Amino acid sequence: MMLELRDVSVARGGVPVLDGVGLVLGPGEAMVLRGPNGSGKTTLLRAVSGLQPVLAGEVSGAERVAYSGHADGLKANLSVAENLAFWAAAFGTRGIEAAMEAYALAPLSDRWAGNLSAGQKRRLGLARMLVTGRPVWVLDEPTVSLDAASVALFAAAVRGHLGAGGAALIATHIDLGLSEARVLDVAAHRAMAPLPGSDEAFL
Amino acid sequence: MMLELRDVSVARGGVPVLDGVGLVLGPGEAMVLRGPNGSGKTTLLRAVSGLQPVLAGEVSGAERVAYSGHADGLKANLSVAENLAFWAAAFGTRGIEAAMEAYALAPLSDRWAGNLSAGQKRRLGLARMLVTGRPVWVLDEPTVSLDAASVALFAAAVRGHLGAGGAALIATHIDLGLSEARVLDVAAHRAMAPLPGSDEAFL
Amino acid sequence: MRALLWRDLRLAVRAGGGFGLGLAFFLIVTVLVPFAVGPQTGRLASIAPGILWLGALLACLLSLDRIFALDFEDGSLDLLATAPLPLEGVVAVKALAHWFTTGLPLVAAAPALGVLLSLPGPGFFWLFLSLLIGTPALSVIGAFGAALTVGLKRGGLLMSLLVLPLYVPTLIFGAEAARRGAEGLAVETPLMLLGGISAGALALLPFASAAVLRVSLR
Amino acid sequence: MRALLWRDLRLAVRAGGGFGLGLAFFLIVTVLVPFAVGPQTGRLASIAPGILWLGALLACLLSLDRIFALDFEDGSLDLLATAPLPLEGVVAVKALAHWFTTGLPLVAAAPALGVLLSLPGPGFFWLFLSLLIGTPALSVIGAFGAALTVGLKRGGLLMSLLVLPLYVPTLIFGAEAARRGAEGLAVETPLMLLGGISAGALALLPFASAAVLRVSLR
Amino acid sequence: MSLWEYANPVRFIRLTDRVLPALSGAAVLCLVVGLVWGFFFTPDDYRQGSTVKIIYLHVPAALMAINAWLMMLVASLIWIVRRHHVSALAARAAAPVGATMTVIALATGAIWGQPMWGTWWAWDPRLTSFLILFLFYLGYMALWEAIENDDAAADLTSILCLVGSVFALLSRYAVNFWNQGLHQGASLSLDAEENVADVFWLPLLVCIAGFVLLFVALVFLRTQTEIRARRMRAILARERMA
Amino acid sequence: MMPDLGKYAVTVLSAYGVSLVLIAALVGASLWRARRVRAALRKVETRRTAR
Ligand code: HEM
Ligand SMILES: Nc1ncnc2c1ncn2[C@@H]1O[C@H](COP(=O)(O)OP(=O)(O)OP(=O)(O)O)[C@@H](O)[C@H]1O
Ligand SMILES: Nc1ncnc2c1ncn2[C@@H]1O[C@H](COP(=O)(O)OP(=O)(O)OP(=O)(O)O)[C@@H](O)[C@H]1O
Ligand SMILES: [Mg+2]
Ligand SMILES: [Mg+2]
């Protein structure tokens with residue numbers, strides 16, 4: 001078991017958005033989060049990664065998570081290779097060639113990250129996951145701005161990761177071509193009743 | 001004829017990216033730009049909107065264009081309604097209700113734009129097009145982060161715009177559900193030969 | 001145009017009270033000066049007009065920092081440039097909003113801070129007047145600098161660097177007027193020159209700033 | 001950790017020369033002072049150590065502005081917080097990088113600028129030494145302020161407001177040491193107190209800053 | 001029932017509602033008695049003339065300026081350690097009161113200084129450290145205003161309060177080191193020879209009591225307001241969710 | 001009735017004036033905001049219980 005959520009509730013801006021979310025991801029498993037805009041996917045993923053506390057319930061495995069959000073965390077003034085090398089060092093791994101390869105970044109390697117097109121930036125952001133060395137990938141709308149070829153690269157990278165015993169939790173609105181992934185619709189967990197939130201005392 | 005490009009070449013960061021692009025959009029017509037990441041769609045759209053000069057060729061109708069790029073131009077500290085009202089005032093139109101309606105923003109109207117989810121922000125950015133009153137919409141990957149319902153709202157808004165005699169030029173990687181739109185693949189116009197660019201004098 | 005002014009004022013007031021912050025910075029710099037140069041009243045009095053002018057200038061400069069940068073980052077500037085507003089007008093309105101939210105409060109507060117630095121009696125009026133005439137120039141010159149550095153990461157400091165030399169004439173005449181006033185000398189000449197600089201900057205710089213903005217947006 | 005230091009140094013050097021900008025700001029402020037307070041040598045000499053300290057402090061403050069903000073905006077801070085680096089270490093390293101790129105050049109340049117303000121002969125060494133001891137404290141205190149305001153729009157000025165009062169003790173002891181040095185008096189006590197502040201701030205503030213960052217990222 | 005029990009917002013409001021009328025009545029009574037006594041029925045000082053009458057405002061305001069910060073410090077600690085919302089909100093509520101007291105102390109001091117020292121302002125250590133305290137109040141309030149999320153704001157401001165207290169203390173010593181003062185020593189100590197004479201002393205005590213009561217009453221009232229505002233935000237947020 | 005303040009009349013009176021105005025402003029602002037928030041909360045609560 002790589003990641004487990006037991007009866008998790010999360011809030012954003014003081015408002016509970018999701019309630020009673022439970023899921024288990026074993027090695028080699030992927031799960032896709034679905035749900036309309038504003039339903040709380042981003043919030044859940046941030047909580048899973050330990051960036052924000054959960055209101056209730058438990059997350060185990062947060063320390064195994066590599067997170068990738070709506071923003072890519074790129075430095076406009078570093079080259080593509082430098083950006084990737086930094087994250088490799090920060091996560092204590094080495095070797096960025098495989099990651100550059102996987103997302104066809106080699107031709108861009110000397111370009112400054114700030115001078116990439118939207119989709120190229122995204123590819124670089126995704127390549128970062130490969131150098132973290134973390135077994136659980138948590139991805140928030142990873143394929144935004146990607147063309148079909150890049151989506152295929154992404155699907156291949158995820159498959160490779162799963163094949164190597166990793167796990168992935170992916171929020172998305174579009175089809176990723178990952179037929180083996182289970183689907184969790186967060187709309188079913190929409191928080192209705194007042195929860196023991198941070199402002200519970202005031203209700 | 002609302003927008004016409006004749007043999008347009010554009011460059012980004014001093015490097016020519018597209019060459020010999022021609023297109024004509026009449027009232028009620030929509031065109032979808034396709035092409036892999038980094039092929040120059042954003043660059044072309046910025047040139048069409050008059051934000052950057054073309055290297056060669058001619059654009060007519062730039063003054064009729066309302067542009068929406070990768071960034072939404074929202075102020076985090078203004079409410080949804082205030083953001084929209086500002087753009088209406090800047091473009092000299094009035095009445096934001098129709099736009100709020102079209103993108104189901106009414107329930108969010110008092111929220112600060114900074115506190116919206118990614119898809120909600122995008123919806124607000126798209127609603128801005130409706131208050132510009134401009135006949136030609138130039139949209140760069142408009143449906144990024146949108147869920148299926150919102151994509152349908154978007155398609156309906158575009159149809160409405162076309163039906164009212166407008167035109168639209170849309171760069172996208174995914175299917176928008178606009179079957180009537182013509183498609184232009186910019187990959188076919190990739191700039192190969194060195195063009196008479198700004199650094200021509202040095203070649 | 002009016003909508004833009006309103007929006008900028010509203011943003012300044014809302015964004016964590018951006019409104020009073022220039023003022024607070026001015027206050028703090030003034031307070032720090034005696035800690036730095038020592039508490040002797042005579043010494044403080046002799047440098048008071050100059051330091052107050054310098055403090056006002058720095059407060060102006062810092063708050064100017066992101067006059068266009070925020071709009072650039074979130075894409076609003078692209079959209080404003082394609083809106084049916086003349087870019088010259090946009091620049092002028094943004095400079096005006098900046099003056100309302102920063103320059104004007106500074107002018108009003110300067111006499112009160114003069115007390116802290118033992119500014120001599122007659123100096124108060126002239127300090128006030130010279131700041132009132134000079135700060136609009138600071139805002140438009142600053143808007144020009146902000147336009148030059150829009151889109152550069154860490155543009156803030158670079159902007160300071162570009163703008164400070166441009167501020168020199170304003171500072172010289174403004175501080176000279178305040179100093180002469182404090183010492184009871186004639187102030188007409190520097191005040192008139194200061195007025196000339198303000199008028200000239202207001203009339204011409206918006207055009208330069210708009211041209212620069214167009215290039216930065218490409 | 002080392003990678004982070006390298007990255008920050010490299011970014012500082014690259015980003016439109018962020019490296020030299022603090023220095024340039026320092027230079028310009030120093031140059032503006034005579035314009036503001038008038039050119040009399042005696043008056044300038046008497047305020048020189050204080051003004052140089054104040055200038056260094058402001059240069060430090062301004063360049064500190066976006067120490068975390070840039071990383072927050074582009075999402076790096078989220079990623080750093082999930083990386084296997086202790087956040088306290090991240091804060092300390094970032095403050096260190098800031099000191100290398102801003103504090104150290106300021107220290108080196110201050111004596112040269114002393115000449116411009118006719119700093120008396122013995123003052124040079126003590127100015128240098130007091131800045132060398134004091135600027136690390138400025139960097140860590142500033143990092144704390146930057147952590148408090150990360151994620152706030154227009155955080156820059158608010159940060160100044162929060163940080164400047166915290167700078168008071170450092171400034172007083174630092175400027176006092178430099179002033180006494182320039183006047184040929186004993187400097188041991190203020191220098192030792194300054195050292196104490198620096199050491200204390202270095203030892204404790206990174207923990208406060210990391211706690212604050214964790215809250216801001218939520 | 002332990003003291004922590006009152007940290008429940010509802011119970012806090014109920015309790016303070018009960019004591020507020022008496023408290024504000026006592027505050028007004030003390031203030032009126034003390035100030036009228038001091039202003040109309042005390043003699044002039046042989047050196048300072050009628051300006052001694054300023055002491056009835058100046059000293060209580062100065063004391064409350066410091067005590068308000070101490071109260072905020074304690075409340076911040078309680079928030080950090082026990083996470084009682086009321087204490088965070090009480091700290092927030094006290095800040096403007098403390099800041100106003102600081103301004104009163106500064107203003108009356110400045111007005112007093114004009115005839116006594118011949119200047120509105122001197123960089124005396126006591127005066128200077130008050131100015132710094134005022135800056136801390138400003139920063140603290142500005143930070144509260146700038147952050148939207150209430151809990152995050154409480155966390156950040158309480159850490160600022162802690163760190164700020166340390167630096168305020170440091171500043172106090174630094175300022176002492178930097179400049180010798182003109183200001184009166186503490187003459188409220190009971191043993192000193194040059195104690196303020198009883199004629200000034202008694203009304204001053206009444207005024208101090210009045211300021212303390214006023215402070216407590218205002219903090220109670222403002223904390224109630226903050227609680228209500230917070231409750232309203234919470235309810236509205238829920239409604240938005242539904 | 002008015003005590004003789006001598007040459008310091010302006011000083012003393014302005015000190016009292018400034019302080020009392022500041023206190024009044026503080027108390028007034030606190031009461032005003034208290035009343036406003038209380039009313040707003042009541043409105044919200046009645047709306048909530050009405051449903
Ligand atoms: C503007 C600035 C001033 C500030 C911030 C200030 C601050 C203070 C403070 C904090 C105290 C209470 C100290 C204590 O009780 O230990 C105090 C007391 C006092 N102040 Fe001031 N003061 C100022 C100006 C003045 C001036 C100009 C005078 C008169 C000449 C004055 C006369 C007194 C007296 C007589 C006391 C009572 C002494 C005592 O409590 O033992 N103050 N002031
Ligand atoms: N910073 C914030 N402060 C307060 N509320 C927020 C903030 N960000 C998002 N929200 C709100 O919290 C809810 C959940 O947002 P979240 O970003 O988790 O949605 P999401 O499922 O990721 O949506 P999307 O598909 O649009 O990205 C939404 O209703 C949103 O409006
Ligand atoms: N600021 C810039 N400076 C220099 N080159 C740039 C800059 N932005 C983009 N480029 C380069 O210009 C080319 C065209 O980029 P453009 O953004 O137009 O592509 P795009 O078709 O919009 O791609 P995407 O689908 O990824 O958004 C790319 O090769 C890109 O790397
Ligand atoms: Mg999301
Ligand atoms: Mg693009």
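The chains referred to below are lettered A, B, ... by the order of the sequence lines, with proteins before strands, and numbering in each begins at 1. All of these numbers come straight from a predicted model, not from anything done at the bench.
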*Identify the two heavy atoms, one from C/Leu79 and one from B/Tyr67, that lie closest to each other, and give their separation to 0.1 Å.*
CD2-O, 3.0 Å
_Taking every non-hydrogen atom, the tightest pair across C/Ala83 and B/Ala90_ = CB-O, 4.3 Å
_Please report the interatomic distance CG(B/Asp72) to OG(C/Ser76), rounded to the nearest 0.5 Å._
9.5 Å
_Need one label for B/Leu78: side chain, backbone, both or neither, based on atoms under 4.5 Å from any heavy atom in chain C._
both
*asked:* Counting heavy-atom pairs under 4.5 Å with chain C, which one of B/Arg12, B/Arg46, B/Gln52 comes out on top?
replied: B/Arg46
_Can you confirm whether more than 12 heavy atoms, excluding those of B/Glu101, are under 6.0 Å from its CD atom?_
no
*Where do C/Ala3 and B/Ala89 come nearest, in terms of heavy atoms and distance?*
CB-CB, 3.2 Å
*In terms of heavy-atom proximity below 4.5 Å to chain C, should B/Arg134 be classed as side chain, backbone, both, or neither?*
side chain
*Residue part contacting chain B, namely of C/Leu77, when any heavy atom lies under 4.5 Å*: neither
_Please report the interatomic distance CZ(B/Phe91) to CG(C/Leu80), rounded to the nearest 0.5 Å._
8.0 Å
